[in-house]
Amino acid sequence: MAHEDLSKEHQQVPEADTFFINSDATSNNEFSFHNEWLVRGVALTSGGPEFLEKIKRPRRGDTLLLWVNKIGIVAAGTVLDDVPVIVFRGGGVISPNEPEEYHRMVRWYADLRSTPISSAEVVVFHGTNPRQAFGALNKGKEAILALIANKVEQNDINDLLARGEGTLNGDRHTVPGPARPRQVSGRIARIVGPEMCGNGVRS
């Protein structure tokens, strides 16, 4: 009887890829709709078959870094679907200038709008700014993802302190009253998506 091969090689899960995606303010009179992307839990391209093919590249579980020209990386998210959905004007496009858009569902786990990863920071690790509407991040990938995780964690700490919900002792946040202490460490992120109301200022 044939036996199923359960070797580590066959059980190995492919590493998630990471991509830059540009909010394409250039096609919208220099206005970026990235706030709406986060509110609706999507990422998109537009402009014809070439850009439809680009947005097909990410697999479910891959990471997208939302790039806004003159600002930097304003969000990071995980792709939730397998193929894009073509959305037509009058049926849910985000930009009123586009006859059709190609949408992917995304869980935007890192909201960096208040403290974006700047162009200068990306150049340090990647060597250049993203120059295309959509492209893979290979060089400097680990360093940029680590920088995002650190910024998200710091943002969470700052938010807690700003709300006056506790004090920080080392890396532990202690909430007054009966609540148990919460460890602030690792890849902590504020989740934003379709259920969230937009609270960023459009740039």
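Taking each heavy atom of Val68 and Ser23 in turn, the nearest pair found is CG2-OG, 3.7 Å. Considering all non-hydrogen atoms of both residues, Ala16 and Asp62 come closest at CA-OD1, 3.5 Å. Across Phe134 and Lys54, no two heavy atoms sit closer than the pair CE2-O, 3.4 Å. When all heavy atoms are compared, the tightest approach of Asn22 to Trp37 is O-CH2, 3.6 Å. Of all heavy-atom pairs between Gly135 and Arg57, the closest is CA-NH1, 4.5 Å. Here the closest heavy-atom approach between residue Trp108 and residue Ala43 is recorded as CZ2-CB, 3.9 Å.
Legend: ring-ring contact (aromatic ring centres under 6.0 Å, His included) pairs involving residues 41-78, not counting sequence neighbours: none detected.
One finds the CG atom of Leu44 at 12.0 Å from the CG atom of Leu52 (value rounded to the nearest 0.5 Å). Expressed to the nearest 0.5 Å, how far OG of Ser46 lies from CD of Glu100 amounts to 8.5 Å. Rounded to the nearest 0.5 angstrom, Ile55 CD1 and Phe19 CZ are separated by 9.5 Å. Atoms CG and CD, on Asn155 and Glu153 in that order, are 10.5 Å from each other to the nearest 0.5 Å.
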Can you give each donor-acceptor pair under 3.5 Å made by side-chain atoms of residues 72-92, sequence neighbours left out, with the distance rounded to 0.1 Å?
residue : atom : partner : partner atom : Å
Asp81   : OD1  : Arg104  : NE           : 2.7
Asp81   : OD1  : Arg104  : NH2          : 3.2
Asp81   : OD2  : Met105  : N            : 2.9
Asp82   : OD1  : Arg60   : NE           : 3.2
Asp82   : OD2  : Arg60   : NH2          : 2.9
Arg89   : NE   : Glu98   : O            : 3.4
Arg89   : NH2  : Asn97   : O            : 3.3

Sequence neighbours excluded and cut-off under 3.5 Å, please list the side-chain donor-acceptor pairs for residues 142-152, or say none.
residue : atom : partner : partner atom : Å
Asn150  : ND2  : Ala146  : O            : 3.3
Lys151  : NZ   : Pro116  : O            : 3.1
Lys151  : NZ   : Glu121  : OE1          : 3.4

